[in-house]
Asks: 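Have a look at this one.
Counting begins at 1 with the first residue of the sequence.
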Amino acid sequence: MRKQVFLLLDAGHTEAPLARLVDIVLIVMISLNVIAVVIESLHDVYLAYQFWFDAFEVFSVSFFTIEYILRVWSSVESDNPRYRSSFKGRLRFMLSPLALIDLIVILPFFLGAIIGVDLRMLRALRLLRAFRLTRYANSMNLLL
């Protein structure tokens, strides 16, 4: 099962219809998040639709947290020998640039919830999700 999860989440790794669908869903979610960050930067628009922006943020963070956990869990199935060992491999994966971006994007939400400080200023870090699109360069060509 872990190998199947790895293959589904590894962008462009397989031509399987479900893997393509996962790529498309991730591309759409990343794109919608970038659009939401840009639109909510308009203070009046954010205030008018604050509930919907906040609900979308909770949904997105939940979605990307599950994706991150699944990526870490399945990273040992990678072709990269650095990630093969159970604990050290996962730790190495978590320190890879794209995994760090994934973590940096979701972390402010949880830190704000845990320490109770308004970290809205860190919401701009969500724009880093746009960098995640580099994973999907081949899949984006498919969409276009």
Side-chain angles (χ1 to χ4, degrees), residues 1-80 82-84 87 89-144:
M1 185 162 119
R2 189 172 61 198
K3 181 73 170 178
Q4 293 301 322
V5 169
F6 174 79
L7 292 174
L8 284 176
L9 293 175
D10 191 29
H13 188 83
T14 180
E15 293 296 318
L18 186 57
R20 281 186 181 178
L21 178 63
V22 169
D23 285 352
I24 291 168
V25 167
L26 287 167
I27 290 168
V28 168
M29 283 297 295
I30 293 167
S31 301
L32 288 174
N33 271 268
V34 171
I35 292 168
V37 169
V38 171
I39 292 173
E40 78 179 37
S41 69
L42 303 169
H43 187 67
D44 293 337
V45 175
Y46 176 73
L47 289 178
Y49 299 100
Q50 182 176 357
F51 172 80
W52 296 108
F53 282 118
D54 291 346
F56 182 65
E57 174 66 3
V58 169
F59 173 76
S60 296
V61 168
S62 301
F63 178 86
F64 288 121
T65 299
I66 292 168
E67 181 217 5
Y68 179 77
I69 291 168
L70 288 173
R71 281 187 188 279
V72 170
W73 175 66
S74 67
S75 65
V76 296
E77 299 294 335
S78 170
D79 295 334
N80 188 335
R82 292 179 36 88
Y83 305 143
R84 284 291 178 158
F87 178 76
R90 286 185 176 111
L91 188 59
R92 283 186 191 116
F93 174 79
M94 290 168 63
L95 294 173
S96 68
L98 287 176
L100 283 173
I101 289 172
D102 292 348
L103 185 61
I104 289 168
V105 169
I106 60 176
L107 205 54
F109 178 86
F110 292 110
L111 289 176
I114 292 169
I115 61 176
V117 176
D118 186 8
L119 297 175
R120 251 185 258 158
M121 65 213 154
L122 295 179
R123 284 184 168 188
L125 290 175
R126 292 185 302 171
L127 289 173
L128 290 175
R129 286 185 182 134
F131 288 113
R132 296 187 64 212
L133 291 174
T134 60
R135 264 191 194 135
Y136 302 100
N138 292 335
S139 297
M140 290 196 54
N141 287 335
L142 172 69
L143 280 177
L144 294 174

Asks: Looking only at non-hydrogen atoms, find the nearest pair between Gly89 and Ser75 and report the distance.
Replies: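 Where Gly89 meets Ser75 most closely, the heavy atoms are O-OG, 4.4 Å.
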Asks: Below 4.5 Å, heavy atoms only, C-beta onward: do Tyr46 and Asp54 meet side chain to side chain?
Replies: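 Side-chain contact under 4.5 Å: yes.
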Asks: First locate atom CG of Leu100, then atom CZ of Phe93, and finally report the distance between them rounded to the nearest 0.5 Å.
Replies: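 One gets 9.5 Å once the value is rounded to the nearest 0.5 Å.
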Asks: What are the two closest heavy atoms between Tyr83 and Ser96, and how far apart are they?
Replies: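 That closest heavy-atom pairing would be OH-CB, 3.6 Å.
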Asks: Determine yes or no for a side-chain-to-main-chain donor-acceptor pair under 3.5 angstrom, with Ser60 supplying the side chain and Glu57 the backbone.
Replies: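 The answer is no, because no donor-acceptor pair under 3.5 Å joins these two groups.
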Asks: Can you sort out the partners of Arg92 under side chain to side chain donor-acceptor pair (under 3.5 Å), two or more places apart, ordered by chain and number?
Replies: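 None.
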Asks: Report the residues that fulfil ring-ring contact (aromatic ring centres under 6.0 Å, His included) with Tyr68, sequence neighbours left out, ordered by chain and then residue number.
Replies: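 For Tyr68, no residue satisfies ring-ring contact (aromatic ring centres under 6.0 Å, His included) once neighbours in sequence are set aside.
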Asks: Got a sec, which residues hit side chain to side chain donor-acceptor pair (under 3.5 Å) with Arg2, two or more places apart in sequence or on another chain?
Replies: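 Glu77.
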Asks: When rounded to the nearest 0.5 angstrom, what distance separates CG in Asp10 from OG in Ser74?
Replies: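 It comes to 8.5 Å.
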Asks: Return the CD1 to OH distance between Ile39 and Tyr49, rounded to the nearest 0.5 Å.
Replies: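 Answer for the CD1-OH pair, Ile39 versus Tyr49, is 10.5 Å.
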Asks: Carefully, step by step, assess Phe109 and Thr65 under the rule side chain to side chain contact (heavy atoms under 4.5 Å, CB included).
Replies: CA-CA 11 Å; Phe109 178 86; Thr65 299; over 6 Å; no
Asks: When you compare the side chain of Leu26 with that of Phe63, does any pair of heavy atoms fall below 4.5 Å?
Replies: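 In contact.
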Asks: Checking Ser41 now: which residues fulfil side chain to side chain contact (heavy atoms under 4.5 Å, CB included) with it, not counting sequence neighbours?
Replies: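 In terms of side chain to side chain contact (heavy atoms under 4.5 Å, CB included), with neighbours along the sequence ignored, Ser41 is linked to no residue.
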Asks: Applying side chain to side chain contact (heavy atoms under 4.5 Å, CB included), can you list everything that pairs with Leu70, at least two apart in sequence or on another chain?
Replies: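 Applying side chain to side chain contact (heavy atoms under 4.5 Å, CB included) to Leu70 gives Val5, Leu9, Ile66, Trp73.
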Asks: Please confirm whether the backbone N or O of Ser78 pairs with a side-chain atom of Arg84, one donor and one acceptor, at under 3.5 Å?
Replies: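 Confirmed, Arg84 side chain pairs with Ser78 backbone.
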Asks: Taking the side chain as every heavy atom from C-beta outward, state whether Phe64 and Asp102 have any pair of such atoms under 4.5 Å apart.
Replies: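 When only atoms from C-beta onward are counted, Asp102 and Phe64 do not touch, as no gap falls below 4.5 Å.
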Asks: Which value, rounded to the nearest 0.5 Å, describes the distance between Arg71 atom CZ and Leu103 atom CG?
Replies: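 Atom-to-atom, Arg71:CZ and Leu103:CG are 13.5 Å apart.
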